[in-house]
J.: 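Below are the structure tokens for one structure; questions will follow.
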Amino acid sequence: MFVNHHEVLPLLGQVANAVSGAINRARPELAGSDPVVRRSEHSDFQSNAALALAKRAGVKPRDLAAELAATFDDGPIGSVELSGPGFLNITVPDKAVWGQVSARMAGPRLGVGTPEEGRRTVIDYSAPNIAKEMHVGHLRTTIIGDSLARVLGFLGAEVIRQNHLGDWGTQFGMLIQYLNEHPEATWRRDELSDDTSAVSALDELYKAARKEFDADPAFADRSRSRVVALQSGDPATLARWKEIVAESEKAFRDIYDRLGVLLTPEDSVGESFYNPMLGDTITELVNAGIAVDSEDALVIFSEEVTGPDGDPVPLMVRKRDGGYGYDTTDLATIRYRIHDLKANRLLYVTDSRQALHFRLIFEAARRAGWLTDAIDAEHVAYGTVLGPDGRPFKTRAGGTVRLMDLLDDAVARARAVVAEKNPDLDPAALDQIAEQAGIGAVKYADLSTSRVKDYAFDVNRMVSFTGNTGVYLQYAHTRIRSILRKAGDPEVTIDPTIPLEPAERALALELDAYSTTLVEVSDALEPHRLCGYLYGLARDFTTFYEACHVLNADEPIRGNRLALCQLTARTLKHGLGLLGIAAPERM
RNA sequence: GCGCUCGUAGCUCAACGGAUAGAGCACUUGACUACGGAUCAAGAGGUUGCAGGUUCGAGUCCUGCCGAGCGCGCCA
């Protein structure tokens with residue numbers, strides 16, 4: 001049954017309830033079966049329930065369909081037609097369609113409810129490394145994770161964002177030692193020019209340190225001692241490390257601000273945060289007999305997965321040298337998120353190559369009794385960003401693509417495209433729009449393909465005004481806004497007695513499906529479904545726009561059409577917002 | 001060796017197990033003095049990698065092949 005948490009129940013849900021009611025009355029023994037209601041090309045909706053249930057009912061599908069059709073009570077259903085082997089083609093009355101439109105217009109939430117209410121969801125995403133430049137590899141996790149945080153949050157989930165910074169490790173010993181020995185090095189943001197970031201400077205210094213480490217055994221020794229000092233909490237070393245973390249976070253924030261993601265400093269919970277918990281975590285795993293000694297290290301052997309030699313694949317809980325790696329941290333992390341954060345859903349938005357790692361972590365957490373059936377843990381995996389050659393995206397020189405450079409490039413292309421389209425824009429407005437369009441283009445391109453697949457980064461296609469692009473949707477929004485402005489942005493009221501033109505009906509039904517789409521996104525954790533929906537909505541609007549003139553129409557038709565314009569504009573803007581993309585008034 | 005993911009129009013991508021597999025780009029032919037040319041209408045383009053199976057029904061689920069990418073102890 002479609003009950004629950006919908007502020008405005010979509011027609012699809014109302015029809016589903018009606019079909020369920022018919023099933024209950026006609027065949028009580030089949031009560032509770034899926035009514036199998038879908039949008040349809042042949043009518044407003046179709047139910048395939050008769051096909052699915054005929055065998056259990058012991059009758060021919062067509063006969064069962066006829067039986068159901070005769071059993072509908074008064075509801076949202078206007079007419080029912082039997083078609084093909086047993087499809088029910090269901091049409092809803094115009095009045096009901098208008099009713100949905102005005103109900104959705106009435107509230108700020110577009111009639112979308114909060115089905116995720118009561119669910120506490122931890123989303124782990126972005127996770128750049130301290131003292132390292134953010135690069136193309138951080139693009140997808142940051143964008144996808146942020147969109148999911150927005151969608152789930154809007155649907156009522158209590159979202160806890162976790163930016164699992166790479167802020168710990170032996171490399172910091174080397175870097176700190178080098179900085180101590182080279183006080184003349186500039187790397188703090190205040191000391192740098194605007195086009196250089198702290199992480200960029202630190203990245204260079206780290207390379208220099210690495211070089212010295214390899215060349216000078218004395219420096220290597222001092223670096224190792226510095227690691228020990230850091231890990232044992234030596235105040236001066238710790239202070240320097242904290243400074244590096246803080247400066248790096250400034251650089252990350254510059255990127256986050258530009259990308260328009262929700263992450264804040266409070267969301268930063270890096271690897272170092274779990275250091276004090278590693279001991280207890282390990283003790284618990286050892287006492288439970290899950291973590292065992294192997295070749296002087298402490299490991300957890302998988303009971304499900306084997307490696308190249310046919311032996312079980314291990315998680316490395318404690319290295320032979322007594323150190324801890326990311327396996328240990330991730331075990332402490334999942335334990336913390338379950339026990340302390342009390343999450344009932346855990347999402348890890350990382351590269352699909354880490355699939356095995358998370359499988360092992362989840363398995364271990366289950367064996368340890370932390371991860372129960374009441375908790376949903378999911379690796380939200382995504383594919384690689386490819387260059388034009390079909391290989392992982394690199395600079396022409398073969399280096400890593402800095403995220404800032406990639407964004408600069410996209411904004412520059414967007415600026416050219418927008419300037420050509422609208423030469424009258426003043427420079428300040430052009431700057432702002434180019435930024436919104438360029439960033440939006442990158443984000444939309446990333447979000448609009450199914451996330452498990454690799455995709456090719458093609459700036460020219462991203463910033464195109466045609467096709468399934470962010471720019472197209474932003475433009476669609478501005479065009480509708482233009483109509484509404486011209487009408488004086490009136491308060492509109494709908495006259496539900498006016499019959500719907502086919503293009504109006506198609507548009508209105510699509511608008512009504514917004515909440516259904518969002519629920520799909522939150523279930524499948526696939527933002528590209530929202531992209532596909534918005535694109536379809538924009539196309540439905542185009543068809544409507546061609547077929548039904550708005551401003552020249554007579555009242556009350558004009559008012560009804562303005563209402564469709566208004567709800568379309570709001571839905572587009574809202575949907576883009578959930579993708580983290582701006583919807584400017586003009587372009 | 002084992003495992004995971006992917007394979008759909010020339011290209012980039014869609015399609016909760018549902019009717020004739022859809023869009024965009026590119027291509028062909030037409031149309032338009034309206035709300036910002038966001039063009040619009042028609043056409044062409046497919047054995048959904050191959051072969052079996054489950055099902056009333058399979059691009060979708062299962063099995064086996066083929067091809068591509070990735071992963072499998074002390075890096076995250």
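Per chain, numbering begins at 1; letters A, B, ... match sequence-line order.
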J.: If the threshold is 4.0 Å, N to carboxylate O, is there a salt bridge linking A:Glu363 and A:Arg359?
T.: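 Answer for the salt bridge query: no.
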
J.: Give the minimum heavy-atom separation between A:Leu511 and A:Thr571, together with the two atoms involved.
T.: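 The pair with the smallest heavy-atom distance is CD2-OG1, 3.6 Å.
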
J.: More than 12 foreign heavy atoms under 6.0 Å from CD of A:Glu420: is that the case here?
T.: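 No, CD of A:Glu420 has 12 or fewer neighbouring heavy atoms, counting only those of other groups under 6.0 Å.
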
J.: Sticking with atom C1', work out how far B:C6 lies from B:A42, rounded to a whole angstrom.
T.: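 One C1' to the other, the span is 36 Å.
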
J.: For A:Asn163 and A:Val269, what are the C-alpha separation, side-chain angles and deciding distance, and is it a side-chain contact (heavy atoms from CB on, under 4.5 Å)?
T.: CA-CA 6 Å; A:Asn163 194 356; A:Val269 184; over 6 Å; no

J.: Would you check if the side chain of A:Arg62 reaches a backbone N or O of A:Gly84 as a donor-acceptor pair within less than 3.5 Å?
T.: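 Yes; judged by distance alone, with no hydrogens or angles, the pair exists.
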
J.: How far, in whole Å, is B:G57 from B:C13 if one measures between their C1' atoms?
T.: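 B:C13 and B:G57 have their C1' atoms separated by 26 Å.
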
J.: Using a 4.0 Å cut-off on heavy atoms, which residues in residues 79-88 of chain A reach RNA chain B? List them by number, or say none.
T.: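 Here the set is A:Ser83, A:Phe87.
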
J.: Send over the distance from A:Glu510 CD to B:A23 P, rounded to a whole Å.
T.: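 Interatomic distance, CD of A:Glu510 to P of B:A23: 13 Å.
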
J.: Show the distances under 3.5 angstrom between N or O atoms of the protein and N or O atoms of nucleotides 67-76 of chain B.
T.:
unit_1	atom_1	unit_2	atom_2	d
B:C74	O2	A:Arg320	N	2.9
B:C74	N4	A:Arg320	NE	3.4
B:C74	N4	A:Arg320	NH2	2.2
B:C75	OP2	A:Lys319	NZ	3.3
B:A76	OP2	A:Tyr326	N	3.1
B:A76	O3'	A:Glu271	OE2	2.1
B:A76	N7	A:Tyr326	OH	2.9
B:A76	N6	A:Tyr326	OH	2.6

J.: In this structure, how many angstroms lie between the C1' atom of B:G24 and the CG atom of A:Leu534, rounded?
T.: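 After rounding, the reported distance stands at 16 Å.
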
J.: Ring centroid separation for A:Phe87 and A:His42, is it under 6.0 angstrom?
T.: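 Ring centroids of A:Phe87 and A:His42 are no less than 6.0 Å from each other.
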
J.: I'd like to know whether A:Glu504 forms a side-chain contact (heavy atoms from CB on, under 4.5 Å) with A:Asn560, so could you lay out the CA-CA distance, the side-chain angles of the two residues, the decisive distance to 0.1 Å, and finally the verdict.
T.: CA-CA 10 Å; A:Glu504 292 174 318; A:Asn560 281 13; 5.5 Å; no

J.: B:C4 P sits how many Å from A:Glu304 CD, rounded?
T.: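 In whole Å, B:C4 P lies 12 Å from A:Glu304 CD.
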
J.: Please state whether the phosphate of B:A15, meaning OP1 or OP2, lies under 4.0 angstrom from any side-chain nitrogen or oxygen of A:His528.
T.: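 Yes.
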
J.: For every nucleotide of nucleotides 34-43 of chain B, 5' to 3': is a protein heavy atom under 4.0 Å from its base (B), only from its sugar-phosphate (S), or from neither (-)?
T.: BBBSBSS---

J.: Reading RNA chain B from 5' onward, which residue's closest nucleotide shows up sooner: A:Arg359 or A:Asn48?
T.: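 This one resolves to A:Arg359.
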
J.: Which residues in residues 131-144 of chain A have at least one heavy atom lying under 4.0 Å from any atom of RNA chain B?
T.: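 RNA chain B contact set from residues 131-144 of chain A: none.
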
J.: Mind checking the C1' distance from B:A9 to B:G46? Whole angstroms is fine.
T.: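 Taking atom C1' in both B:A9 and B:G46, they lie 6 Å apart.
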
J.: I would like to know whether A:Ile361 and A:Leu331 meet side-chain contact (heavy atoms from CB on, under 4.5 Å); could you show each step before the answer?
T.: CA-CA 6 Å; A:Ile361 294 288; A:Leu331 286 165; 3.9 Å; yes

J.: Decide, yes or no, whether a salt bridge links A:Arg451 with A:Asp446 under the criterion of side-chain N to carboxylate O below 4.0 Å.
T.: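 Salt bridge absent between A:Arg451 and A:Asp446.
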
J.: Could you verify whether a donor N or O on one side chain and an acceptor N or O on the other, from A:Ser43 and A:Glu81, lie under 3.5 Å apart?
T.: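 No.
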
J.: Anything below 3.5 Å on both distances counts as a pair; with that, list the stems of at least three consecutive Watson-Crick or G-U pairs involving RNA chain B.
T.: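 Stem segments, range with range: B:1-7 with B:66-72, B:10-13 with B:22-25, B:27-31 with B:39-43, B:49-53 with B:61-65.
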
J.: Against A:His164, only a single residue in A:Tyr125, A:Tyr336, A:Tyr274 fulfils ring pair (Phe, Tyr, Trp, His ring centres under 6.0 Å); can you say which?
T.: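 Single pass found, and it is A:Tyr274.
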
J.: Select base, sugar-phosphate, or nothing to describe what A:Arg529 touches, counting heavy atoms under 4.0 Å on all strands.
T.: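 The residue A:Arg529 makes sugar-phosphate contact but no base contact.
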
J.: Between B:A44 and B:C25, how many Å separate the two C1' atoms, rounded to a whole number?
T.: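 Straight-line distance between the two C1' atoms is 15 Å.
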
J.: Under 3.5 Å, is there a donor-acceptor pair between the side chain of A:Asp203 and the main chain of A:Lys132?
T.: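 Absent.
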
J.: Over all heavy atoms of both residues, which pair between A:Pro128 and A:His138 is shortest? Give the atoms and the distance, please.
T.: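 Minimum heavy-atom separation between A:Pro128 and A:His138: CA-NE2, 3.6 Å.
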
J.: Distance criterion of 3.5 Å, no angle test: do you see the side chain of A:Glu41 paired donor-to-acceptor with the base of B:A19?
T.: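 No pair found.
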
J.: Rounded to whole Å, how long is the line connecting atom CZ of A:Phe45 with atom P of B:A19?
T.: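 For the pair A:Phe45 CZ and B:A19 P, the rounded distance is 17 Å.
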
J.: For A:Asn89 and for A:Ser450, find the nucleotide of RNA chain B with the closest heavy atom, then tell me which residue's nucleotide is more 5'.
T.: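 It is A:Ser450 whose nearest nucleotide is closer to the 5' end.
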
J.: Going through the checks in order, is the side-chain contact (heavy atoms from CB on, under 4.5 Å) test met by A:Asn89 and A:Gln46?
T.: CA-CA 5 Å; A:Asn89 286 336; A:Gln46 67 182 54; 3.9 Å; yes

J.: Tell me whether the side-chain N/O atoms of A:Lys453 come closer than 4.0 Å to OP1 or OP2 in B:U12.
T.: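 For B:U12, neither OP1 nor OP2 has a side-chain N or O of A:Lys453 closer than 4.0 Å.
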
J.: How far does the P atom of B:G1 sit from the matching atom of B:G22, given to the nearest Å?
T.: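 Straight-line distance between the two P atoms is 40 Å.
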
J.: Have a look at A:Ala52 and say if it touches a base, only the backbone sugar-phosphate, or nothing, with a 4.0 Å heavy-atom cut-off.
T.: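 Contact class for A:Ala52: base.
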
J.: Check side-chain contact (heavy atoms from CB on, under 4.5 Å) between A:Lys421 and all other residues, then give those that pass, not counting sequence neighbours.
T.: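 Expected list: A:Phe465, A:Tyr475.
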
J.: Mind calculating the distance between CZ (A:Arg56) and C1' (B:U55) to the nearest angstrom?
T.: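 So the two atoms are 15 Å apart, to the nearest Å.
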
J.: Please state the P separation for the pair B:G49 and B:G59 - nearest whole angstrom.
T.: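 It comes out at 10 Å once rounded to the nearest Å.
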
J.: Rounding to an integer number of Å, can you tell me how far A:Arg62 CZ sits from B:A19 C1'?
T.: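 Nearest whole value for this atom pair: 13 Å.
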
J.: Tell me: OH of A:Tyr444 to C1' of B:U12, nearest whole Å?
T.: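 Computing the A:Tyr444:OH to B:U12:C1' distance gives 13 Å.
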
J.: Under 6.0 Å between ring centres: does that hold for A:Tyr444 and A:Tyr472?
T.: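 For A:Tyr444 and A:Tyr472, the ring centres are not under 6.0 Å apart.
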
J.: Give a yes or no on whether the backbone of A:Pro35 and the side-chain of A:Ser47 come within a donor-acceptor separation of less than 3.5 Å.
T.: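 At least one qualifying donor-acceptor pair exists.
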
J.: Using the C1' atom on both, measure B:G71 against B:G18 and round to a whole Å.
T.: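 So the two C1' atoms sit 37 Å from each other.
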
J.: Taking atom P in both B:A26 and B:U39, what distance in whole Å separates the two?
T.: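 Nearest-Å result for B:A26 against B:U39 at atom P: 10 Å.
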
J.: Do the side chains of A:Asp351 and A:Arg353 get close enough for a salt bridge, i.e. N-O under 4.0 angstrom?
T.: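 Salt bridge between A:Asp351 and A:Arg353, a charged N being under 4.0 Å from a carboxylate O: yes.
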
J.: Whole angstrom is fine here: how far is it from CG in A:Leu51 over to P in B:A58?
T.: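 After rounding, the reported distance stands at 13 Å.
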
